[in-house]
Participant: 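I am attaching a structure below and will ask some questions about it afterwards.
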Amino acid sequence: MKKFKSLVIIQLKDFLGNIHSSLNIKNKKLIQLLQLLIIGSIVAPSIYFSTVTYNAFAQLNQPELVMTTMYLNSVILMFFLGIPIIVSVFFFSKDIKFLTTLPVEEDKIILSKLSTVYIYLLAISGIFILPSIIVYGIYSGISISLVVFGIITFILAPLLPLLISSLLILSLNKFIRKSKYKNVLLLFGNIIIIIAIIAIQMGLTRYAGNPEQIQNALLNNEGLIGLIGIRFPPSIWMTKMLLGSLLDAVYFIGINLVFIMILKYMARWFFKKSLLTFVEGGMKSGSIYYIKRKKGWQLFRRHILIIMKEPTFLLNTLMSLVVPILIFIVMTFSGQFSTEILLSDQFRPFLILIFSLIVIFPAIVSNISSTAITREGKSFWETKVLPISAELNIKYRMMSTIVINLTGSLVLGIFSYFILPLTFEMVIIAAFFALTATLFLGTVDFMINILRPILNWTHPTAAVKNNMNVTISLGIRVVLGLVIYGLYILSPELFTNFEMVITLTSVLFLIFYLISRYYVYNIMVERFKKISI
Amino acid sequence: MLKFKNVSKTYDGKKMAVNNLNLSVERGEIFGFLGPNGAGKTTTIRMITGILDLSSGLIEVDGKNIEKEPVKAKNNFTFVPDHPDIFDSINGIDYLNFIADMYEVSKEERKQKIEKYTKDFGIYKDLTQPIKSYSHGMRQKLLVTGALLPSPKILILDEPLGGLDPRSAKILKSMMREHCKNGGTVFFSSHILEVVENLCDRIGIIEEGRLIACDTLENLKQKPDSTLEDIFLELTEHEKI
């Protein structure tokens with residue numbers, strides 16, 4: 001047990017240390033403030049949603065179903081969120097080989113590695129399940145059994161999705177052993193998550209906004225509790241446990257223990273047949289070539305390859321480019337959106353605005369320029385010792401990210417072209433808007449990265465996701481949005497002609513781009529030269 | 001070929017990593033740079049290569065100031081670091097073609113050199129594999145191959161023999177000698193005193209950022225039968241305390 005405890009502690013320390021170092025903020029108070037802001041921004045809507053759902057169920061005298069639904073939705077969310085983290089923890093971690101050499105049983109290694117995933121999922125449990133229990137307690141009355149079983153629910157809630165995901169991934173991996181599929185596995189898992197999150201988000205919104213649907217479901221056959229029970233019995237056991245049923249408490253705790261035992265029992269097999277064979281990797285075929293290319297092209301290609309060849313970077317980039325398409329697909333298939341709306345006369349005046357917002361989506365969401373230096377990590381020295389000027393080094397870094405974002409805009413534009421009744425004029429206006437917005441925001445993002453290069457990261461996720469540069473970059477966009485909104489509030493008449501507003505904004509972006517470009521190449525270049533590992 | 005004039009480096013204005021270094025390395029010379037851990041060897045090499053800024057003084061590579069004319073200075077040397085942290089998702093051949101393009105090595109020349117060096121090092125067949133699948137030693141061999149491709153005037157290596165098997169170490173040593181025979185210069189740091197003793201024309205010993213000795217091995221020897229190890233330990237004696 002001592003060994004297991006040490007393994008868990010070291011894994012957790014590494015996990016939390018990585019999060020802390022990736023923030024790269026020295027001011028502890030600022031970190032605490034940011035953490036509070038982030039938690040608050042997630043918990044507040046969760047509390048609101050719990051209250052709305054509670055009121056809806058209270059009308060049907062079944063307010064406890066607020067906990068059932070929040071538990072169920074959280075389990076689904078945890079199940080999908082757990083997949084990429086589990087894949088990352090097992091198949092992309094560098095310590096598996098080292099851990100294998102230790103005199104510890106395989107099940108302890110597997111379970112200790114899962115402890116980091118558990119902490120991650122526990123946060124989700126705290127954000128979504130705990131508020132629903134608290135809301136229920138406040139409105140229906142707090143009892144000792146609710147407090148005790150509430151804490152048990154909070155602690156145990158991540159276990160089932162975590163264990164089911166682990167069993168699924170480790171079993172599937174037996175069939176996908178060759179390392180060339182590693183990236184595909186991670187990409188596939190993450191795409192599923194995004195779709196799931198969007199679908200759940202939309203489902204919840206629709207659910208909360210239409211209490212009639214809840215009522216209909218409740219009146220149908222055995223009611224909602226019966227429907228849920230058939231799909232996922234632990235949610236019923238959990239609900240009854242929170243209402244004070246000891247028998248259901250035994251069922252709920254028991255099912256979690258059973259899954260832990262299954263994983264523990266199968267751990268040795270997973271470790272040998274799945275994990276180690278995956279880590280071993282495989283040989284790739286290819287040919288040796290001697291092609292002479294221009295310096296600029298090689299530098300551009302290098303930065304593109306850094307994104308393309310690293311699954312975390314690729315996924316991060318791809319997701320930000322195609323999310324609008326995914327939202328559209330989910331909305332269309334869930335029946336919440338119809339293309340007929342787009343063709344209606346009422347919609348026509350807003351067409352240029354919608355289209356322009358779609359094509360600048362990559363420029364707004366994809367802040368890959370803010371990590372254009374960071375992504376290189378410790379290999380940053382490579383281009384620094386080469387006989388190329390700092391200006392050239394900067395130029396191709398920026399160019400690669402801008403080309404990626406513009407490609408995203410192009411894809412979204414083509415996709416929209418087949419759905420929206422666009423005119424040639426609209427396409428030109430939106431294209432100019434996308435170009436200038438991408439150039440300006442990309443340059444500003446790059447300035448952030450020069451100021452905060454962060455090269456000593458241990459995992460690619462820390463370079464592009466858990467990174468304050470990204471937050472700052474998104475913050476700039478929020479400020480920009482607020483400025484535009486402020487202008488609209490002050491002078492709504494300015495916004496009557498969307499074509500004119502978008503064209504003028506594009507011209508402003510172009511001017512801002514030229515100024516920021518001048519600043520980067522003439523002033524910030526000195527700062528770039530001083531970046532060291 | 002390589003000149004240091006009053007070079008100093010401080011971190012955060014407090015820790016003096018390199019203190020008033022004056023040194024000149026001549027064409028065709030193999031210069032060994034020795035010193036205990038944390039003495040300032042890697043900092044010095046990082047300043048030559050432009051990875052770190054100088055706090056004061058100047059460094060010239062074939063007459064070109066590394067700070068004022070970085071591109072011209074960098075055209076004169078290639079560098080092999082102590083830790084082979086390179087972008088490792090690409091294949092070995094991608095890396096070598098990248099380096100060759102950066103130093104404008106012709107197609108024929110790169111083909112001939114890549115084949116020669118990688119076959120000598122035994123990594124030719126691995127060139128189509130991602131670098132991340134390479135061992136430490138294989139990465140080191142790849143970096144050395146890349147550094148030799150442009151036939152640089154100065155070859156700068158930081159602890160180049162770490163991670164290399166005896167055969168590859170021997171090959172590298174003969175490559176270094178051959179490089180100097182062809183008019184090139186080699187500047188390298190090492191902890192392996194035997195290698196420095198047998199390979200170098202001159203030796204510099206740095207301690208706490210100061211160059212405490214710089215001469216040929218023969219001149220450094222106070223007794224005819226003393227070894228480089230004796231000299232090194234004697235000069236860095238107070239470190240033990």
Side-chain angles (χ1 to χ4, degrees), chain A residues 92 94 179-180 182-183 279-299 301-314 375-393 455-456 460 526-527 529-533, chain B residues 46 48-53 67 70-81 83-115 118 124-133 143 146-147 150 152 156:
Chain A
F92 291 90
K94 290 174 181 170
S179 66
K180 65 177 175 181
K182 269 184 180 180
N183 302 351
V279 174
E280 276 170 19
M283 292 289 281
K284 284 185 177 179
S285 57
S287 59
I288 294 172
Y289 65 92
Y290 305 98
I291 300 169
K292 202 168 185 298
R293 295 184 174 106
K294 285 186 176 171
K295 280 186 187 182
W297 172 249
Q298 273 287 20
L299 289 169
R301 186 172 174 264
R302 174 183 165 84
H303 295 299
I304 296 288
L305 283 176
I306 287 176
I307 292 173
M308 302 293 284
K309 296 275 184 177
E310 174 54 57
T312 311
F313 298 163
L314 178 62
R375 275 192 301 269
E376 272 198 289
K378 287 172 186 165
S379 62
F380 178 73
W381 68 268
E382 273 188 86
T383 52
K384 197 142 192 209
V385 301
L386 293 174
I388 52 164
S389 65
E391 288 81 3
L392 203 71
N393 202 333
L455 297 165
N456 289 311
E526 293 305 320
R527 186 118 186 183
K529 286 177 189 170
K530 289 188 192 306
I531 296 172
S532 61
I533 304 151
Chain B
R46 285 183 169 197
I48 308 170
T49 52
I51 295 174
L52 279 180
D53 278 344
E67 291 202 303
V71 178
K72 285 181 182 170
K74 286 172 186 178
N75 260 320
N76 293 319
F77 69 80
T78 54
F79 170 54
V80 179
H83 293 291
D85 287 322
I86 49 175
F87 171 46
D88 59 7
S89 293
I90 55 170
N91 298 338
I93 191 68
D94 290 331
Y95 172 77
L96 294 177
N97 272 301
F98 174 77
I99 294 293
D101 283 331
M102 288 297 127
Y103 291 92
E104 294 167 16
V105 180
S106 71
K107 196 176 161 183
E108 296 71 32
E109 196 182 348
R110 78 176 68 177
K111 183 177 185 299
Q112 179 251 320
K113 285 185 176 171
I114 288 172
E115 283 184 6
T118 56
Y124 181 73
K125 286 179 181 170
D126 300 296
L127 287 181
T128 56
Q129 301 301 316
I131 298 169
K132 62 170 72 168
S133 68
L143 279 164
I156 300 166

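In what follows, chains carry the letters A, B, and so on, assigned in the order in which the sequence lines appear, proteins first and then strands, with residues in each chain numbered from 1. In this text the structure is predicted, and so the values were computed from the model without any measurement.
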Participant: Is any NZ, NE, NH1 or NH2 atom of the basic residue among A/Glu376 and A/Arg302 found under 4.0 Å from an Asp or Glu carboxylate oxygen of the other?
Facilitator: yes
Participant: Report which part of A/Leu392 has an atom under 4.5 Å of a heavy atom belonging to chain B: side chain, backbone, both, or neither.
Facilitator: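 Answer is neither: A/Leu392 stays 4.5 Å or more from chain B.
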Participant: If you count heavy-atom pairs under 4.5 Å with chain A, which of B/Ile90, B/Asp94, B/Ile48 comes out on top?
Facilitator: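 Top option by heavy-atom pairs under 4.5 Å: B/Asp94.
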Participant: Taking every heavy-atom pair that is under 4.5 Å apart, which of B/Ile93, B/Leu143, B/Asn76 has the most such pairs with chain A?
Facilitator: B/Ile93
Participant: With a 4.5 Å cut-off on heavy-atom pairs, point out which of B/Lys107, B/Met102, B/Arg46 contacts chain A the most.
Facilitator: B/Met102
Participant: Is there a donor-acceptor contact under 3.5 Å from the side chain of A/Lys384 to the main chain of B/Leu52?
Facilitator: no
Participant: Name the region of B/Leu96, side chain, backbone, both or neither, that has any atom closer than 4.5 Å to a heavy atom of chain A.
Facilitator: neither
Participant: Could you tell me if the side chain of A/Trp381 sits less than 4.5 Å from the side chain of B/Thr49, heavy atoms only?
Facilitator: no
Participant: By a 4.5 Å heavy-atom criterion (distance strictly below it), what part of A/Tyr289 contacts chain B: side chain, backbone, both, or neither?
Facilitator: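 Both the backbone and the side chain of A/Tyr289 come within 4.5 Å of chain B.
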Participant: Within the distance-only criterion (no hydrogens, no angle test), does the side chain of B/Asp53 pair as donor or acceptor with the backbone N or O of A/Lys530 below 3.5 angstrom?
Facilitator: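 Judged by distance alone, no pair lies under 3.5 Å.
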Participant: Quick check for you: among A/Ile306, A/Leu299, A/Ile388, A/Leu305, which has the greatest number of heavy-atom pairs under 4.5 Å with chain B?
Facilitator: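 Highest number of heavy-atom pairs under 4.5 Å: A/Ile306.
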Participant: Counting heavy-atom pairs under 4.5 Å with chain A, which one of B/Ser133, B/Pro81, B/Ala100 comes out on top?
Facilitator: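 Top count of heavy-atom pairs under 4.5 Å with chain A: B/Pro81.
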Participant: Please give me the minimum heavy-atom distance between B/Tyr103 and A/Leu386, naming the atom from each residue.
Facilitator: CE1-CD2, 3.7 Å
Participant: Taking all heavy atoms of B/Arg110 and all of B/Asn97, pick out the closest pair and write down the distance.
Facilitator: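 Closest approach of B/Arg110 to B/Asn97, heavy atoms only: NH1-OD1, 2.9 Å.
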